[in-house]
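Everything below concerns the one structure shown next.
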Amino acid sequence: MWNPVLFLLTILTTVSFSNAYRILIVAPTNSKSHAILSEGLVKHLIEAGHEITYIPAIPPDKPLPRVTVIDVSDIVSPHPDEFLNVKDFMDRKFDLDVATGFIPYILAFSEQLLDHPNVQKFMADKSQQFDLVIVEFLFNTIHAGFSGLYNCPLIWFSPTHPNWMVFELIDEATNPAYSVGRLSSNVPPLNFKERVLELGNFIMEKLIQMVWISKSDKELYEKNFVPLIRERRTSVPSLETLAYNGSLVFSNYHQSLSVGVRAPPNHISIGGFHIDQNVKPLSQDLQELMDDATDGVIYISLGSNIKSKHFPSEVKRDILEMFGKLKQTVIWKFEEDLPNRPSNVHILKWAPQQSILSHKNCIIFITHGGLLSTTESIHFGVPVIGVPAFYDQFLNVERAVKMGYGRKVDLSYKIATGLDLAIQEVLDEPKYTAKVHELSEIYHDRPVPPGKDVVYWVEHVIKTRGAPHLRSPAFLTPWYQKLYLDFALVLLILVLVLKFAFRHKFKKNDLCNERNQK
Ligand SMILES: *[C@@H]1O[C@H](CO)[C@@H](O)[C@H](O)[C@H]1NC(C)=O
C-alpha cells in the first residue's frame, strides 16, 4: 500500500546515509601544474560521490559534475609562469630558486582571491556549510581561515616535495641536518658543507616566515575572516590555532620518487594521484608513429611554463641539428612549427604526455623537471634528462640524478651539446633504464592506488571529526618541554635551594662551633 510517510522516511534515510559530504577545496596557486594537481583531488572526490565547492586560481576547462566553481579567473596577477621566458633563464636574469622567489606573487594572489567579489559573496552566504576544507599549502596559511569560518576539519595539500614548513604544520620542523629546504637541490645524506648551508637556509626561511609571511597572513585574516566568523560563532580562533589544527597533510610525494622523509602518521603520501589509472589511447597517427619507431622515441617537453619557442634561433637550430643525427624518433612538444626540421623530429603543439610516456617505445623523457613530470617518468618507467629552469625543478632533477634514473643538462646557449652527451649516455648505459624500472616497481607496489587513498582519508577525517587520534605526540608537546627547559628549571631551583640550605647549615654549625670554643 502506498504510504507517503514511509516513502518520505525512506528517501530521508537514503539521503542521510548516502555519505555524500560537502567539501570545499581552495587551490590558490596561479600555475597550470598546480591546477592539474588540485583538479586531481576534485576528480577523485566527485567520483566517490561527494559534492565539491572549488575555489581555484585556474578553473577547469569544462564543467565537472557535482562541482560548484567559484570563478576568480579574471584576477589579473602576473605570475612568473607567464612573463618569464626561457631566454631570460639562459641569460640568468632571474633567480627564482632562492628562498624569496615567488613569495610576493603568492601572497598577492592570496589577497586578491579573498578580495574577489565572487569569493566575498560566497563567504558572506550564511547558508553555506561544509564537512571539510582542503587547502593547498605552499608557505602561507591564510586559507586555513575557511575551516574557522565553517567550523569544520582542515586537510592541507602540499603539492611539492615535503619540507620543514609542511612538517611544522602537523609535527615539528624537521632538522636541516637531514631534511632540505623548500628550494634546495641538496639530496640527503648531506656532507658537512651542505649541512651548514641547509642550517643557514633554514634560519633564513624561518625569519622570512616569521616577519613577512605570517604578518601578511594575520592582516588578511583580521580583514577577511574575523568579521564573518564573528557573525557565525561566538568565539573567534586565531589563525595560528586554525593553521596548526589541520587533521592531516596530503603530500604529493612517494618513497619511490625521492629519498625518504621522517614523517608523522598524518602525513599521507599520495604522489602520483593525478595520473589517470587508465591512460587515454593515442591518436591514430601518433600511435603509428610510435609503433614504427623501432629505435625508440625520445619525448621532449619543457612543461607549461617554459615555451620552447622562446629559445634563441641559433639554439633551436643547434638542437634540431643534433636531433637530426639520431636514429631515434623525436617527439617535441613545441608551440610553433619549426621549418627545415629533420625527418625524425615531430612537433606537437599539445602532447598527451601520459599516453606518450606509457608507450613501450618511449625510451627517454627530456623534461624541465617539474614534480608532475618526474612523477610521471617513474610511474611509466622512462629515464629522464632534466633541464631545470626555476623553482623546485633543480631539486627534482638533482634527485633524479642522485637516485640514478636521470641526467642533468644546464639551460644555457650550449644546451644542444649538453643534450647530445646526456642522450648518448642514457642510450649507452642500461643502468638508467634499469633504475627507473626498479623505482617504478616500488612506486606501483602499494596496497591501493593513491587516488583511493585520497578518498579514504577524506572520509576518515570527516567520520572521525577531525581524526585527532592521528596527531603526532611531538606536535602536542610544547617546545620548552621538548628541550626539557622546565626540568632544567626544577634542577636549577633544587641546586639553589640545596646551596642555600647547606650554606645556612654551615653557618649554623660555625656559630655553634664558635660558641663551643668560647
Ligand atoms: C581543531 O580540530 C578539531 C578536529 O577537527 C576540532 O574538533 C576543534 O574544534 C578544532 N579547534 C579549533 C580551535 O578550531
Side-chain angles (χ1 to χ4, degrees), residues 16 19-28 41 45 48 50-55 110 114 119 122-137 140-158 165-173 213-214 217-251 263-268 270 453-479 481-482:
S16 57
N19 281 343
Y21 295 121
R22 282 177 55 84
I23 300 163
L24 172 68
I25 300 185
V26 188
L41 290 179
L45 292 170
H50 302 304
E51 230 179 273
I52 309 293
T53 299
Y54 185 34
I55 314 184
S110 290
L114 290 174
V119 175
F122 164 72
M123 286 170 70
D125 178 359
K126 286 213 192 106
S127 68
Q128 296 287 355
Q129 298 287 344
F130 292 96
D131 299 304
L132 176 76
V133 173
I134 303 179
V135 177
E136 183 186 359
F137 175 80
N140 60 340
T141 56
I142 176 63
H143 302 104
F146 282 105
S147 76
L149 186 61
Y150 301 115
N151 201 8
C152 66
L154 165 75
I155 288 182
W156 287 111
F157 166 57
S158 159
M165 281 191 179
V166 174
F167 289 121
E168 196 188 48
L169 291 172
I170 48 167
D171 187 44
E172 59 185 359
I213 300 172
S214 49
D217 280 349
K218 276 198 189 105
E219 283 168 12
L220 288 185
Y221 183 67
E222 288 299 324
K223 185 174 101 190
N224 290 297
F225 283 102
V226 169
L228 294 175
I229 297 180
R230 208 163 270 143
E231 280 174 28
R232 288 179 178 239
R233 305 163 60 180
T234 45
S235 71
V236 181
S238 70
L239 178 62
E240 217 173 14
T241 312
L242 296 173
Y244 291 94
N245 196 31
S247 299
L248 53 85
V249 167
F250 276 143
S251 183
N266 51 353
H267 174 266
I268 309 295
I270 55 165
D453 265 333
V454 169
V455 174
Y456 168 78
W457 286 107
V458 160
E459 293 176 354
H460 184 76
V461 165
I462 298 174
K463 276 190 244 170
T464 61
R465 289 163 296 280
H469 54 283
L470 293 177
R471 302 277 154 112
S472 153
F475 187 65
L476 302 172
T477 310
W479 62 272
Q481 290 184 11
K482 281 187 217 169

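Every number for a ligand or one of its atoms is a count from 1 in the order of the listing.
- Given atom 8 (C) of ligand 1, the protein heavy atom at minimum distance is Asn245 ND2, 3.7 Å.
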Verdict with supporting geometry, Leu41 and Ile134, side chain to side chain contact (heavy atoms under 4.5 Å, CB included): CA-CA 9 Å; Leu41 290 179; Ile134 303 179; 4.2 Å; yes
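- Within a 4.0 Å radius of atom 5 (O) of ligand 1, the protein contributes at least one heavy atom.
- Proximity of the aromatic rings of Phe130 and Tyr21 is defined here by a centroid distance below 6.0 angstrom, and this criterion is not met.
- Each of the atoms 13 (C) of ligand 1 lies under 4.0 Å from some heavy atom of Thr241.
- Note on Glu172 versus Lys482: salt bridge recorded, some NZ/NE/NH1/NH2 to OD/OE distance being below 4.0 Å.
- Nearest heavy atom pair, residue Ile170 against residue Gly246, reads CG2-O, 4.2 Å.
- Between His460 and His469, the two ring planes are perpendicular [angle over 60°; tilted spans 30° to 60°].
- Geometrically, ligand 1 and Arg233 share no nitrogen or oxygen pair separated by less than 3.5 Å.
- Under a 4.0 Å criterion applied to the non-hydrogen atoms of Arg465, ligand 1 contributes the atoms 4 (C), 5 (O).
- Residue Gly466 approaches ligand 1 through these ligand atoms, each under 4.0 Å from one of its heavy atoms: 4 (C), 5 (O).
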